[in-house]
Amino acid sequence: MSPQYWLVKTEPEVFSFDDLWRAPKRTTAWDGVRNYQARNYLRDQMRKGDQVLVYHSSCEETGVVGLARVVREAYADPTQFQAGHVHADPASSPADPRWVCVDLQATRKLPRLVSLGSMKTDPGLDGMLLLQKGSRLSVQPVSEAHWQRVLDLGLDNRS
DNA sequence: GCCAACGTTGGC
DNA sequence: GCCAACGTTGGC
């Protein structure tokens with residue numbers, strides 16, 4: 001199957017793209033996802049080699065800041081079993097883990113932030129899930145055309 | 001900080 | 001299964 005495209009959200013004050021960039025091997029466990037729809041995408045559809053837009057939410061400059069790729073497919077999110085952890089889930093058992101994470105590796109910082117505002121007004125991004133009112137999914141699929149358009153904006157290859 | 005929109009929980 | 005109450009997300 002050809003690679004799929006995704007967008008993941010993170011709050012930069014908690015974990016930013018630069019944090020990922022500076023991590024060993026530029027890789028981290030993308031843990032803490034606690035929404036069933038997002039979990040299902042991680043578990044059932046995200047595959048090694050898939051490409052990912054990293055989006056900063058709840059901050060001064062919201063938008064896509066960098067690119068990553070999936071380097072390990074879904075496995076049990078260890079934080080769900082850590083007592084006292086913000087993402088602990090006492091109802092989840094190791095025999096039947098409720099939550100999963102994948103490993104993401106940063107591949108490229110975008111030279112320009114692709115701001116939420118610019119995405120909303122770009123005709124090439126019409127219909128993008130992120131831009132729909134009330135959309136809160138922290139892991140969401142992105143079409144190849146939208147992926148390419150975001151890259152064009154972020155690399156300043158505007159036509 | 002405000003608040004709209006969405007998701008989850010739990011009583012009935 | 002319904003739905004009110006509560007919690008969370010996330011833009012502004």
Side-chain angles (χ1 to χ4, degrees), chain A residues 4-23 28-46 50-70 74-104 106 108-143 145-147 149-156 158:
Chain A
Q4 304 178 95
Y5 303 94
W6 303 94
L7 179 145
V8 299
K9 298 178 184 174
T10 185
E11 296 185 27
E13 286 178 22
V14 179
F15 190 85
S16 70
F17 185 77
D18 278 339
D19 291 332
L20 177 56
W21 194 258
R22 287 190 296 260
T28 196
W30 204 259
D31 57 21
V33 172
R34 294 293 181 271
N35 168 282
Y36 289 106
Q37 201 178 344
R39 187 276 314 264
N40 292 347
Y41 280 131
L42 289 180
R43 188 189 60 190
D44 304 333
Q45 296 195 37
M46 204 177 264
D50 284 358
Q51 308 260 42
V52 181
L53 301 171
V54 179
Y55 176 89
H56 279 173
S57 65
S58 298
C59 60
E60 202 122 314
E61 294 203 293
T62 58
V64 175
V65 291
L67 309 180
R69 67 179 167 210
V70 178
Y75 58 100
D77 178 346
T79 64
Q80 69 196 304
F81 304 124
Q82 293 168 15
H85 193 281
V86 266
H87 292 130
D89 183 353
S92 181
S93 74
D96 184 21
R98 180 177 292 179
W99 306 111
V100 300
C101 58
V102 299
D103 285 356
L104 295 185
R108 179 162 209 178
K109 289 192 207 187
L110 291 178
R112 322 177 128 254
L113 167 87
V114 183
S115 72
L116 179 61
S118 67
M119 297 174 83
K120 279 180 174 171
T121 58
D122 192 296
L125 295 177
D126 273 357
M128 197 174 175
L129 207 53
L130 177 77
L131 308 178
Q132 285 169 24
K133 183 176 177 177
S135 166
R136 308 193 316 188
L137 257 190
S138 61
V139 176
Q140 52 181 263
V142 172
S143 73
H146 289 163
W147 160 271
R149 182 60 185 156
V150 171
L151 250 63
D152 287 343
L153 295 171
L155 299 172
D156 206 14
R158 269 165 243 239

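Per chain, numbering begins at 1; letters A, B, ... match sequence-line order. Being a predicted model, the structure only gives us computed values, none of them experimental.
Minimum heavy-atom separation, A:Leu129 to A:Ser135: O-OG, 3.1 Å. Across all non-hydrogen atoms, the minimal contact from A:Arg69 to A:Gln51 is CB-OE1, 4.2 Å. Across all non-hydrogen atoms, the minimal contact from A:Gly32 to A:Thr79 is N-OG1, 4.3 Å.
Listed by chain and number, the residues in a side chain to side chain donor-acceptor pair (under 3.5 Å) with A:Arg39 amount to none (sequence neighbours excluded). In this view, A:Ser16 and A:Asp19 satisfy the side chain to side chain donor-acceptor pair (under 3.5 Å) rule, not counting sequence neighbours. A:Phe15 is linked by a ring-ring contact (aromatic ring centres under 6.0 Å, His included) to nothing, counting only residues two or more places apart in sequence or in another chain.
A heavy atom lying under 4.0 Å from DNA chain B marks the following residues of residues 123-136 of chain A, by number: A:Lys133, A:Gly134, A:Arg136. Residues from residues 55-62 of chain A placing a heavy atom under 4.0 Å of any atom in DNA chain B do not occur.
Residues A:Trp99 and A:Tyr75 place their aromatic rings such that the two centres sit no closer than 6.0 Å.
Contact check on A:Asp122 versus A:Arg149 returns a salt bridge, with a Lys/Arg side-chain nitrogen under 4.0 Å from an Asp/Glu carboxylate oxygen.
Judged by distance alone, the side chain of A:Glu61 and the main-chain N or O of A:Leu113 form no donor-acceptor pair under 3.5 Å. The closest donor-acceptor contact from the side chain of A:Thr121 to the backbone of A:Ser118 lies under 3.5 Å.
Put simply, chain A comes within 4.0 Å of DNA chain C, heavy atom to any atom, from C:dG7 to C:dC12, going 5' to 3'.
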